[in-house]
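I have placed the structure first, in the form of structure tokens, so that the comments after it can refer back to it.
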2 protein chains.
Amino acid sequence: MPLLSKASKQVTIHDVARRAGVSIATVSNVLKGRASEVSEPTAERVRRVVEQMGYVKNLNAAALSSRRSGLIGAILIGVFDPYSKEPDPEINPFYGEFVFRLENELQAHGDTLCIYAGREEAYVNFLLERNLDGAILVGVIAKDLPTVLERRDVRLVLFDSFVHHRTHMRVQTDELKGGALAADFLIARKRKHLAFVGGAVRDFPSNIPAIRFQGASRACDQSGHRLLLVEEWTSFEGGRRAAHRVLELKADGVIASADIMAAGLIRGLQEAGAKVPDDVAVVGYDDLPLARYVSPPLTTIRQGLPEKVRAAVELLRDGEKGEVRVIKPHLVVRESA
Amino acid sequence: MPLLSKASKQVTIHDVARRAGVSIATVSNVLKGRASEVSEPTAERVRRVVEQMGYVKNLNAAALSSRRSGLIGAILIGVFDPYSKEPDPEINPFYGEFVFRLENELQAHGDTLCIYAGREEAYVNFLLERNLDGAILVGVIAKDLPTVLERRDVRLVLFDSFVHHRTHMRVQTDELKGGALAADFLIARKRKHLAFVGGAVRDFPSNIPAIRFQGASRACDQSGHRLLLVEEWTSFEGGRRAAHRVLELKADGVIASADIMAAGLIRGLQEAGAKVPDDVAVVGYDDLPLARYVSPPLTTIRQGLPEKVRAAVELLRDGEKGEVRVIKPHLVVRESA
DNA sequence: CTGAAAGCGCTTACAG
DNA sequence: CTGAAAGCGCTTACAG
């Protein structure tokens, strides 16, 4: 029998049970609000003791025996540019928006959000070790999800992942449509030389920017336009760097694969003396709050992040295997195009 | 003895031990790399079996017996404006920057980040239930930290909190200095009518904006200037709303309590036809990436977030009770002032 | 260097 | 309605 540790010992369910004169099973039942299992007077007595002793349940222990951890993961691949070794890397504000909206939804059900923003190769371990009940995967590129994930019953929602998988669930915007909306808008505005600025389009064809590009590309084909591609990492600096290429290519209408990139692109264009939208019209993608912060405010494709997060959480709770939710994108016209 | 559940049973340390022909204690020792405890041949055999069987440690169970959860919390109070009941509330990009920088630091040591972004009244429960090893508290306002937190040995770092407490650790920027830097800069630029725009300054004197205001205010006093106060929630829209008041007050130099607010303020001023910085010079605070995204780019006070996050994690690991780390702020001159 | 055993703080059938 | 007991998957002295 261990001695009291120097830190005053944690109050456990045993302490409560003893003080209330009941068994730990009864305390447990009261705590879970199983009214049918416990008489009201007993329940009330237990509640009072819980209050008095300042008992707080150890969810870790509960998780171990109930096999539900109450932990939901956000697995975010690509938050940090793997190729950049700057000490102070840029972070797309998209991820912050995503995480806090998610936390908000989760908290309402008593679940806790754990963040993973590391390399794609290591997330599976994270998922299994921590015994997550479920997770939302953002930016996963690999064509196949490891089969281990099928054997353990983790509920997974692929978010913005165009990885097809029969067992896991998916939430996504209709990105082909989104790309097309952007291209059609520029074409309608009489832009003749269109370009698409985005990251890792050629290397990872199932990557979000690649799909957006594809959608825009098809729309261009249909009206006899060409869509040039400028590849840069999706970031402000990436967009800024892309500005030179855009000017060299003499594009007068550009679609950026993300608002953050559109912001950098506009900055780069302005620095080079080009006027936006007069010389070059720029359409962003995402409709983050950021889209309204920059000058000129971005014309952009709203991907519907709040709805998507809600949809993802719904699937996490009671989606069917393989269920897919597709959100419609919308064009939001402001001043950059 | 429970039957196999329909999902193929998790591989446990027992399975590994049996297959390797050793005891679970030995497996445990091998997994923790306690080389001194296990002979190399045995260790190697165990490792091979672990590999073969695809064994993954259950950190939950490990946490329960070792009393270390490996979970670190980020408790963020004030992410959502409690007074606004908009469906789609604004989120200060500061929080995203904070969270991902933190995750990055934590991951290097194998710790997992859990997020709490709810009400101040409920975080203690979160902390205790989840058995966090430690947590970083941002934006906590209450004058006193609950004493429960002293009894259980959670390591707490107050981040940007001017709540004094002898047992918990603290990381902060010298905000008085920061406020003064901003004010002195505007004064040096011959601005005569200064204003400070920030949230909850009067109601919560230990709130960050309040300290920044105080610092700026003292600097003004010293050179015989007055500093007017315009209170609005720290957000883009808050800043935008503040623009009207700023113009009414005929201020020609304004300090915003955060970059996001400065961005909104500038937008509001521009919409009202005022030129920044010619008519009104604006100094932000934080030096978030956002500061470079807006036009004109913000002159702002760099609070040194990356260093602060690193300092917080260091304290979490081996800070002394009550240890405080103060980071020096710096003025970053761009174009808004 | 290795193993048997107790324990971490809960939950969950099951018996009464 | 209530309790005794087994079990969740680990870690940690301790004995050998």
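In this text, all values refer to a predicted model and were calculated from it rather than measured experimentally. Note on naming: letters A, B, ... go to the chains in the order of the sequence lines (proteins, then strands), and numbering restarts at 1 for each one.
- Pairs engaging residues 91-115 of chain B under the ring-ring contact (aromatic ring centres under 6.0 Å, His included) rule: B:F98-B:F159 [sequence neighbours left out].
- Rounded to whole Å, the distance from CZ on B:R68 to P on D:dT11 is 12 Å.
- Judged by distance alone, with hydrogens and angles left aside, the side-chain atoms of B:Q52 form no donor-acceptor pair with the main-chain N or O of B:V49 at under 3.5 Å.
- A heavy-atom distance below 4.0 Å to DNA chain D is reached by these residues of residues 56-66 of chain A, ordered by number: A:L64, A:S65.
- Residue B:T26 places none of its side-chain N or O atoms closer than 4.0 Å to OP1 or OP2 of C:dT2.
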Show every donor-acceptor pair shorter than 3.5 Å between a side-chain atom in residues 71-79 of chain B and any protein atom, with sequence neighbours excluded, or say none if there are none.
none

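- With rounding to whole Å, A:E129 atom CD is found 11 Å from D:dT11 atom P.
- If B:I24 and B:R45 are placed on DNA chain C by their nearest nucleotide, the residue sitting closer to the 5' end is B:R45.
- The interatomic distance linking B:N29 (CG) with D:dC14 (P) rounds to 15 Å, in whole Å.
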(request) Starting at the 5' end of DNA chain C, write a dot or bracket for each base, bracketing those in Watson-Crick or G-U wobble pairs whose two distances are under 3.5 Å and using | for partners on another strand. (result) |||.||||||||.|||
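- For the pair A:D160 and A:V171, the minimum side-chain heavy-atom distance is 4.5 Å or more.
- Within the 4.0 Å cut-off from OP1 or OP2 of D:dC10, not a single side-chain nitrogen or oxygen of B:K32 is found.
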(message) A:R325 vs A:E314, test: side-chain contact (heavy atoms from CB on, under 4.5 Å). Steps then yes/no.
(response) CA-CA 10 Å; A:R325 293 267 243 274; A:E314 282 171 26; 2.4 Å; yes
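- Across the protein-nucleic acid pair, B:I13 atom CD1 and D:dT11 atom C1' stand 8 Å apart, rounded to whole Å.
- Between A:R18 atom CZ and C:dG9 atom C1' there is a gap of 13 Å when expressed in whole angstrom units.
- Following rounding to the nearest Å, B:E44 (CD) and C:dT2 (P) show an atom-to-atom distance of 13 Å.
- Pairs passing the ring-ring contact (aromatic ring centres under 6.0 Å, His included) check and including a residue from residues 116-135 of chain A, sequence neighbours excluded, read A:Y116-A:F126.
- Remark: B:Y55 OH to B:H14 NE2 distance equals 10.0 Å, nearest 0.5 Å.
- Note on B:S23: every side-chain N or O is 4.0 Å or more away from OP1 and OP2 of C:dA4.
- For the salt bridge (charged side-chain N to carboxylate O under 4.0 Å, His left out) test, residues two or more places apart in sequence or in another chain that qualify with A:E121 are A:R119.
- Note that CG of A:D111 is 8.0 Å distant from CG of A:L316, once rounded to the nearest 0.5 Å.
- Taking atom CG of A:L128 as the reference point, atom C1' of D:dG9 lies 15 Å away to the nearest angstrom.
- Proximity note for A:S28 (side chain, C-beta onward) versus D:dC1, C:dT2, C:dT11: the nearest is C:dT11.
- One can place NE2 of B:H14 at 8 Å from C1' of D:dC10, the figure rounded to the nearest angstrom.
- Regarding contacts with the backbone of D:dT12, every side-chain N or O of B:R67 stays at 4.0 angstrom or more from both OP1 and OP2.
- DNA chain C is contacted by both A:A25 and B:G21; B:G21 maps to the nucleotide lying nearer its 5′ end (nearest heavy atom per residue).
- Checked options A:R68, A:R317, A:R155; the residue passing with A:D133 is A:R68 (criterion: salt bridge (Lys or Arg N to Asp or Glu O under 4.0 Å)).
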